[in-house]
Amino acid sequence: MFENIKSVVKAAGDIMLKAHNIQNGIESKEGRANFVTKYDVEVQNYLFQELHKLYPSATFIGEEEEQKGNVPGEYCFIIDPIDGTTNFIFDYKHSAISVGMLHDGQIVAGVVYNPYLNELFYAEKGKGSYLNDRPLHMKNLQLRDGIVGFGTCPYYREKADETFFIARKLYDRALDLRRSGSAALDICYVAANRFVLYYELLLSPWDYAAASLILTEAGGSISTLDKNELTFTAGCSVIAATPSAHEEYFQL
Ligand code: IPD
Ligand code: CA
Ligand code: CA
């Protein structure tokens, strides 16, 4: 069944690759720089329709439509149809589809797909994580050994001072900083040893649900910035890192 979920997500990636005239028909949502394109809606509708065929009793939480069915059911999909919409609008080619599956409130499967690079990150609970067909095993690097990624909470501008204060501290410890524009890919990049740490002060469950499992199944540590567990029914802050860099952060 998991193979089928991966196939559905890859097929949805074609909708992003074939997108044209993206700048036409953009709508603003709540908060500055918060947009939705017709493709966000199209990808989400496609995922809802195809995943419903595979799991008729599952419920859905999607960014572009709060929920379908009585959430949370035994099985519940948490979907970000396009994570990195601002990148998508400006043809930056760094965006992903994120599909997480909860079973009784616990994340048990996750798929994050970047169609531009044809990179499919996925994990099932207890079965490890993969990038395409390659198993992901994290090296336990320290901050000084790698790049730190972060998100700027563009829809919550009041978080900017704290975000950049932390960035300044981490910049002094790490090799360099990056701001990619897709939280789901940022977390997967930690799992793939491309980043040693990623943080953002406020995200929604669809940004991190799938990627959080990919990260932990690869051997990484993830929590809120208060060192609590992530929540999947409401948003929270996120720090995803190697176990060493995660500890280091809390000693800064
Ligand atoms: C956003 C991206 C961005 C992060 C924002 C998210 P969206 O998701 O993941 O990198 O900084 O906090 O909301 O709106 O493009 O799906
Ligand atoms: Ca998102
Ligand atoms: Ca989105």
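Indexing begins at 1, ligand by ligand and atom by atom, following the structure's order.
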Task: Residues E162, K159: salt bridge by 4.0 Å N-O rule - done: no

Open item on the list: Give me the atom names and distance for the closest heavy-atom approach of A241 to V190.
Closed with: CA-CG1, 3.7 Å

TODO: Give the numbers and elements of all ligand 1 atoms closer than 4.0 Å to a heavy atom of D80.
DONE: 16 (O)

Task: Mode of H94 contact toward ligand 1 - side chain, backbone, both, neither (heavy atoms, under 4.0 Å) - done: neither

Would you list the atom pairs, donor with acceptor, under 3.5 Å between side chains in residues 96-112 and any protein atom, with sequence neighbours excluded?
residue: H103; atom: NE2; partner: E74; partner atom: OE2; Å: 3.1

In residues 138-147, what donor-acceptor pairs under 3.5 Å come from side-chain atoms, sequence neighbours left out?
residue: N140; atom: OD1; partner: S244; partner atom: N; Å: 2.8
residue: N140; atom: OD1; partner: S244; partner atom: OG; Å: 3.1
residue: N140; atom: ND2; partner: S244; partner atom: OG; Å: 3.1
residue: Q142; atom: OE1; partner: R144; partner atom: NH2; Å: 3.0
residue: D145; atom: OD2; partner: Q142; partner atom: N; Å: 2.9

Open item on the list: D40: which residues meet the side chain to side chain donor-acceptor pair (under 3.5 Å) condition with it, sequence neighbours left out?
Closed with: T37, T85

Task: Shortest protein contact, atom 14 (O) of ligand 1 (heavy atom only) - done: Y155 OH, 2.5 Å

Task: E3/K10 salt bridge by N-O under 4.0 Å criterion - done: no

TODO: Identify, for atom 8 (O) of ligand 1, the protein heavy atom at the shortest distance, and state residue, atom and that distance.
DONE: D83 OD1, 3.0 Å

Open item on the list: Heavy-atom pairs closer than 4.0 Å: do any link ligand 1 to the side chain of A183, the backbone, both, or neither?
Closed with: both

- [ ] Keeping the roles fixed (side chain from T224, backbone from D226), state whether a donor-acceptor pair exists under 3.5 Å.
- [x] yes

- [ ] Provide the number and element of each atom of ligand 1 under 4.0 Å from a heavy atom of P154.
- [x] 5 (C), 11 (O), 12 (O)

Open item on the list: Would you call the rings of F88 and Y39 parallel, tilted or perpendicular, taking 30° and 60° as the class edges?
Closed with: perpendicular

Task: Top protein contact for atom 11 (O) of ligand 1, by heavy-atom distance - done: E200 OE2, 2.6 Å

TODO: Just say parallel, tilted or perpendicular for the rings of Y199 and Y249, cut-offs at 30° and 60°.
DONE: parallel

Task: Numbered atoms and elements of ligand 1 in range of S182, under 4.0 angstrom, heavy atoms - done: 9 (O), 10 (O)

TODO: Indicate, as side chain, backbone, both or neither, the part of L203 found under 4.0 angstrom from ligand 1 when only non-hydrogen atoms are considered.
DONE: side chain

Open item on the list: Check this for me: does any side-chain nitrogen of one of E247 and K227 sit under 4.0 Å from a carboxylate oxygen of the other?
Closed with: yes

Task: N or O pair under 3.5 Å between D186 and ligand 1 - done: no

Task: Protein N/O/S atoms closer than 3.0 Å to the Ca ion (ligand 3) - done: E63 OE1, D80 OD1, I82 O

Open item on the list: Regarding ligand 1, does T86 bring an N or O atom to under 3.5 Å of one of the ligand's N or O atoms?
Closed with: no

Task: Parallel, tilted or perpendicular, as decided by the 30° and 60° cut-offs, for the rings of F77 and F60 - done: parallel

Open item on the list: Within this structure, what is the OG1-CG distance for the pair T152 and L201, rounded to the nearest 0.5 Å?
Closed with: 10.5 Å

Task: I82, any N or O under 3.5 Å of ligand 1 N or O - done: yes

Open item on the list: For ligand 1 and G84, I'd like to know whether there is a polar contact (N/O to N/O, distance under 3.5 Å).
Closed with: yes

Task: Interatomic distance, D91 atom CG to I22 atom CD1 [nearest 0.5 angstrom] - done: 6.5 Å

TODO: Determine whether the side chain, the backbone, both or neither of S95 has a heavy atom under 4.0 Å from any heavy atom of ligand 1.
DONE: neither

TODO: Among all protein heavy atoms, pick the one closest to atom 10 (O) of ligand 1 and tell me residue, atom and distance.
DONE: G181 C, 2.9 Å

